[in-house]
There are 2 protein chains.
Amino acid sequence: MSADETPWLDDRQQQAWRAWLAMGSRLPAALNRQLQRDSDLSLQDFDVLVQLTDTEDGRVRVSALAAALGWERSRLSHHVTRMERRGLVAREECGDDGRGAFVVLTPEGRAAIEAAAPGHVRTVRSLVFDALTPAEVASLEAITSKVLGRLEDA
Amino acid sequence: MSADETPWLDDRQQQAWRAWLAMGSRLPAALNRQLQRDSDLSLQDFDVLVQLTDTEDGRVRVSALAAALGWERSRLSHHVTRMERRGLVAREECGDDGRGAFVVLTPEGRAAIEAAAPGHVRTVRSLVFDALTPAEVASLEAITSKVLGRLEDA
DNA sequence: CCAACATGCGTGACATGTCAACCATTCCCG
DNA sequence: CGGGAATGGTTGACATGTCACGCATGTTGG
């Protein structure tokens with residue numbers, strides 16, 4: 001960290017970075033508002049439910065779920081406790097491994113996400129994809145994948 | 001919401017969307033870790049300090065600051081209270097408008113951000129921009145701006 | 001002038017996320 | 001075997017964000 005070995009961002013990078021940051025905070029907020037308003041679910045609730053519906057029997061081990069979501073286990077544990085209280089999911093013991101636990105989708109949970117999904121997708125489309133050309137979508141995917149790669153290395 | 005008027009996302013859109021979501025949660029986390037570790041600042045502290053250093057005299061009205069950050073005023077108020085306790089910023093009354101208040105950068109705050117900035121920029125570059133071609137940066141800026149436009153309309 | 005209303009900000013109760021312990025089980029190796 | 005280390009999960013204390021409200025000042029219309 002001697003004299004000046006850290007080049008600042010150039011103008012275009014600055015602009016992209018600021019826009020990126022702004023979008024990164026406002027887009028999730030907007031999605032959350034819509035879900036909350038129309039379906040009484042938070043974006044986080046929705047993410048959990050998506051993971052569960054992605055599996056055959058709606059049962060996932062806690063750690064696997066945390067990994068899939070990119071959450072800390074303790075955060076997930078707290079969140080599952082809250083969702084359990086609302087009847088959206090349930091905990092279940094794991095026969096194979098006495099320590100383990102499953103999170104399972106309840107019928108209420110399934111009903112909730114099925115009711116919420118169409119509106120959510122509609123919102124995502126209208127806020128993001130309807131504004132983008134196919135080439136831009138491809139570009140977005142390329143960019144995010146590259147950055148994700150960097151993040152995994154670090 | 002009759003039969004099936006909500007087209008799901010196509011494969012490429014799905015992929016882009018998932019990558020986007022993953023990056024949206026992991027990148028801020030990584031930046032936060034670096035700042036916290038090297039400079040004892042949270043990413044939010046940093047954002048506040050950036051806004052203050054962007055002005056001539058390091059003084060900004062609370063509402064203007066909240067708007068610039070895209071935060072709720074009450075969130076900012078709490079955060080300023082905490083930063084004030086650490087000596088990074090201070091509150092100041094507003095002569096023009098007896099209700100108003102300024103947030104001002106203290107010398108300690110200025111020192112903190114000046115110390116933190118190089119490492120932060122280095123991290124942003126290495127995680128994001130070093131991986132991208134100029135064309136991709138341009139594309140990123142175009143995409144994020146379009147989406148931001150949508151968000152403002154809504 | 002002054003009574004409503006609007007605006008700028010702070011506060012307190014509560015929801016959520018993080019961090020560091022803490023069991024209970026399972027693994028591993030002497 | 002048996003005992004320490006590793007693993008899976010939870011919990012509690014605390015940091016942060018949200019929401020609804022309160023208070024003081026400012027603004028406006030009769």
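Computation of the quantities below employed the complete heavy-atom set of this structure, encompassing side-chain atoms and omitting hydrogens, waters and symmetry-equivalent molecules. Residue numbers start from 1 in every chain, and the chains themselves are labelled A, B, ... in the order their sequence lines are given, proteins ahead of strands.
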Roughly, in whole Å, what's the span from CZ in B/R37 to P in C/dT18?
18 Å
Heavy atoms within less than 4.0 Å of DNA chain D: which residues of residues 85-102 of chain B have one? Give them sorted by number.
B/D97, B/G98, B/R99
Tell me, yes or no, whether the heavy-atom count around B/R12 atom CZ, taken from other residues, nucleotides or ligands under 6.0 Å, exceeds 12.
no
Worked verdict on B/D45 versus B/H79 for side-chain hydrogen bond (donor to acceptor under 3.5 Å, both in side chains)
CA-CA 8 Å; B/D45 296 335; B/H79 202 83; 2.7 Å; yes
Spacing between A/W71 atom CH2 and D/dT10 atom P, to the nearest angstrom:
14 Å
What integer distance in Å separates B/R61:CZ from D/dG26:C1'?
12 Å
Mind checking what makes ring-ring contact (aromatic ring centres under 6.0 Å, His included) contact with B/F129, not counting sequence neighbours?
none
Can you name the side-chain contact (heavy atoms from CB on, under 4.5 Å) partners of B/L21, sequence neighbours left out?
B/W17
Between A/K146 and B/E136, is there a salt bridge with N-O shorter than 4.0 Å?
yes
Ion pair A/R59/A/D54, N-O distance below 4.0 Å:
no
Using heavy atoms and a sub-4.0 Å distance, could you list which residues of residues 72-82 of chain A are near DNA chain D? By number, please.
A/R73, A/S74, A/S77, A/H78
By the salt bridge (Lys or Arg N to Asp or Glu O under 4.0 Å) test, which pairs, at least two apart or in different chains, include something from residues 65-85 of chain A?
A/E84-A/R91
Listed by chain and number, what are the side-chain hydrogen bond (donor to acceptor under 3.5 Å, both in side chains) partners of B/Q14, not counting sequence neighbours?
none
Any side-chain N or O of A/Q44 below 4.0 angstrom from OP1/OP2 of C/dA15?
no
